[in-house]
Structures are given as C-alpha cells and as structure tokens.
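Heads up, the thing below is written out as structure tokens.
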Amino acid sequence: MIRSHPGRAILGLAAAAALTLSATACGSESDDTSTGSATVPTAAADTNLADKVPADIKSAGKLVIGTDSTYAPNEFIDTDGKSIVGFDVDLFNAVGQKLGLKTEWQTAKFDSIIPGVGSGKYTVGVSSFTINADREKEVNMISYFSAGTQWAAKAGSALSPDDACGKKVAVQTATVQADDIKVRSGKCTDAGKAAITVDQYQAQSDATNAVVTGKDDAMLADSPIAAYAVKQTSGQLALLGDIYDSAPYGYAVGKNQTEFATVIADAVKALIADGTYKTILDKWGVTAGAITTPEVNPAA
C-alpha cells in the first residue's frame, strides 16, 4: 500500500533523524530541491484565499512549521541528510502555495510541537497529529487526512495485538499509540497476566529499529507509517492484525488563530477540488487516507 522512498533504509532513517534532532534549527524551504521534492506538483495561488490570511502572517511572507522529521513516509529526512520531505510536507507546501506563502520547515521533538505552536515559536504544527479533544483544548486543528493504528512485528511472529501480555512493545513518545498500549497493558494485569513492557522512543525510526533488531517484540504506529516500515525493511517486518481506531490528522495553529484555521481548511478544499491533493497522495501511496471535507476542530 505504501510506496517505498528511493534509496532509503530504516537504519538510515534513524541516523538521519538523530542528526536532525541534534540540530537547533535545521529545516528546509518549500522551494528546496531534493529527491523527495523533485517531482512535487505545484499549486496555483488563490487570490481570494490569500486575501484572508491574517496581516501579521501575510507580512512575514512565510509559515514556520514545526515537524518531527522521523515519521516516514509522512515527514522525514531526505537522502541529502538535511531536506525534510514526505507526504505531509508536499501537501502543506501546496497549502502554502495556495495562500501565497513560503514554508519553512523546522525539525522538533514530537511532544514539543503543539506547545511551540501555542507559544508562537511555530506558525503551524504539521506532524501527523491525530485530532482529539485534548489537543483541541491547546490549539485549533484542521483535518486533512485519515489514519488508523497498525501493528508490526518480525516476519513470522505469532504475536497477536489482542494478546501481547508479557511482550515488549515499541511506540513513539506522546502518540495515541503510547496511550493505546498502556490501556492494553492494564487489561493484561487486570486479567492476572503479565504486563506489557512499553518502550517509548522519541523517534519513530528508533521504535522501528528496536523491532528489526529484536530488542522489542512488536511496534504500533499510524497505519501509513507501519506499512512503510514493512516495505523499507525488505521483508524483515510484517503487519499484524487490522487497522483500527481510524481518525483524522490535523494541522495545528494557535487558539487565537481561528480565522486562519478556516483559511487553511479552505486551502485544503481547493487542493481537493483542483486535483493536487489526490496527486500528492498518489505519489506517496497513501490515497486510502484521503478525506473529502476538511474541518476545523472536528472533535470539539
């Protein structure tokens, strides 16, 4: 289902992630050239939408975007070791183009992005955020895609997501999967079984590597990420069970930027209407997560 990114292996992703996470302001502009952006479709500016961009953002001429660039194929470091690429990047760059704005991507730890949006460090957070009521208390969220949770383990594993008691399971810190596995572990102990050992990692690529190397028995992540990891490990990993708990991803903007959130939603609608949205999802093999109607704060 997920198309493999050229020349990229999971261990390489981890190394690149470690490199970028050690930098303080590593990022890329939307017009950078890289393996990931070489065939990116561009979107025509929409004057009506651009006129609705708040004056302070319009005068800046750009959107500063916080992202955790360890989450392939959604957002990750390209083969040049510095450019941030992925389906999320292509799509939000197109949003910026619709609004007549440049995009500046900055790598950040996942759990620091929403607070960074709230403090004004980032104009927008774009990092595969599952929309939920708790996040909507901190920021405005605009839906643009739908994903569920998927498990993966070593190929041939007999482990079941419904019975992982006593196993070691990898997740990325502060994700909905981290909450999911804690609940599952609680059900194990309530039933008198051994708890699940939950290993949390700042980078999803490290969680994946923990399963590849045998440190952990399984991992769970958003469905596009799990499928891409299986593809990238050339058969070392396999998907377990079905996708579940599908929910929308959302762009995060400040609570005081409700009007701007509406403009972003309208820009996504325009990309859906002109076909750019589908072209980008097709490029990355994630068309199954397409939505038809972006909304502001749909979990409210």
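Below, each value reflects all heavy atoms present in this structure, side chains not excepted, and no hydrogens, waters or symmetry copies.
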Does [X] reach the side chain of [Y], with side-chain heavy atoms less than 4.5 Å apart?
| X | Y | answer |
| --- | --- | --- |
| Asp216 | Tyr201 | yes |
| Tyr71 | Tyr228 | no |
| Leu159 | Lys167 | yes |
| Asp80 | Ser83 | yes |
| Phe76 | Val89 | no |
| Leu220 | Gln150 | no |
| Asp68 | Lys109 | no |
| Met141 | Val296 | no |

When you measure from the side chain of [X] to the backbone of [Y], do you find a donor-acceptor pair of N or O atoms at a distance under 3.5 Å?
| X | Y | value |
| --- | --- | --- |
| Ser112 | Ala108 | no |
| Thr123 | Leu63 | no |
| Ser157 | Ala153 | no |

Is any NZ, NE, NH1 or NH2 atom of the basic residue among [X] and [Y] found under 4.0 Å from an Asp or Glu carboxylate oxygen of the other?
| X | Y | result |
| --- | --- | --- |
| Lys187 | Asp190 | no |
| Asp163 | Arg184 | no |
| Lys154 | Asp217 | no |

Any link between [X] and [Y] through a network of hydrophobic side chains (Ile, Leu, Val, Met, Phe, Trp, Tyr) touching at under 4.5 Å?
| X | Y | value |
| --- | --- | --- |
| Ile225 | Tyr244 | no |
| Ile243 | Val171 | no |
| Phe110 | Ile65 | no |
| Ile131 | Val117 | yes |
| Val176 | Leu239 | no |

Any chance you could lay out the salt bridge (charged side-chain N to carboxylate O under 4.0 Å, His left out) test for Asp199 and Lys215, step after step, and finish with the verdict? CA-CA 10 Å; Asp199 287 337; Lys215 180 176 183 289; 3.6 Å; yes

Out of curiosity, [X] [atom1] to [Y] [atom2], how far, rounded to the nearest 0.5 Å?
| X | Y | atom1 | atom2 | result |
| --- | --- | --- | --- | --- |
| Phe129 | Asp88 | CZ | CG | 10.0 Å |
| Leu91 | Leu281 | CG | CG | 7.0 Å |
| Thr293 | Ile272 | OG1 | CD1 | 7.0 Å |

Can you tell me if [X] has over 12 outside heavy atoms packed within less than 6.0 Å of its [atom1]?
| X | atom1 | result |
| --- | --- | --- |
| Glu259 | CD | no |
| Asp242 | CG | no |
| Lys278 | NZ | no |
| Lys58 | NZ | yes |

Can you see whether Asp282 engages Thr287 through a side-chain donor-acceptor pair at a distance of less than 3.5 angstrom?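 On atom types as modelled, these side chains qualify, holding a pair under 3.5 Å.
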
Side chains of Glu75 and Ser69 only: does a donor on one sit below 3.5 Å from an acceptor on the other?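 No, because no side-chain N or O of Glu75 sits under 3.5 Å from a partner of the opposite role on Ser69.
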
Mind listing the closest non-hydrogen atom pair of Gln172 and Ala178 along with its distance?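 Heavy atoms only, the tightest pair is O-CB, 3.9 Å.
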
Heavy-atom nearest pair, Gly96 first then Thr103, reads CA-CG2, 4.4 Å

Would Gln204 and Asp222 satisfy side chain to side chain donor-acceptor pair (under 3.5 Å), going step by step from the backbone distance to the final call? CA-CA 10 Å; Gln204 174 58 41; Asp222 288 356; over 6 Å; no

Give the intermediate values and the outcome of side chain to side chain donor-acceptor pair (under 3.5 Å) for residues Trp105 and Asn93. CA-CA 10 Å; Trp105 294 82; Asn93 281 344; 2.9 Å; yes

is_close_aromatic(Tyr251, Tyr144), centroid dist under 6.0 Å: yes

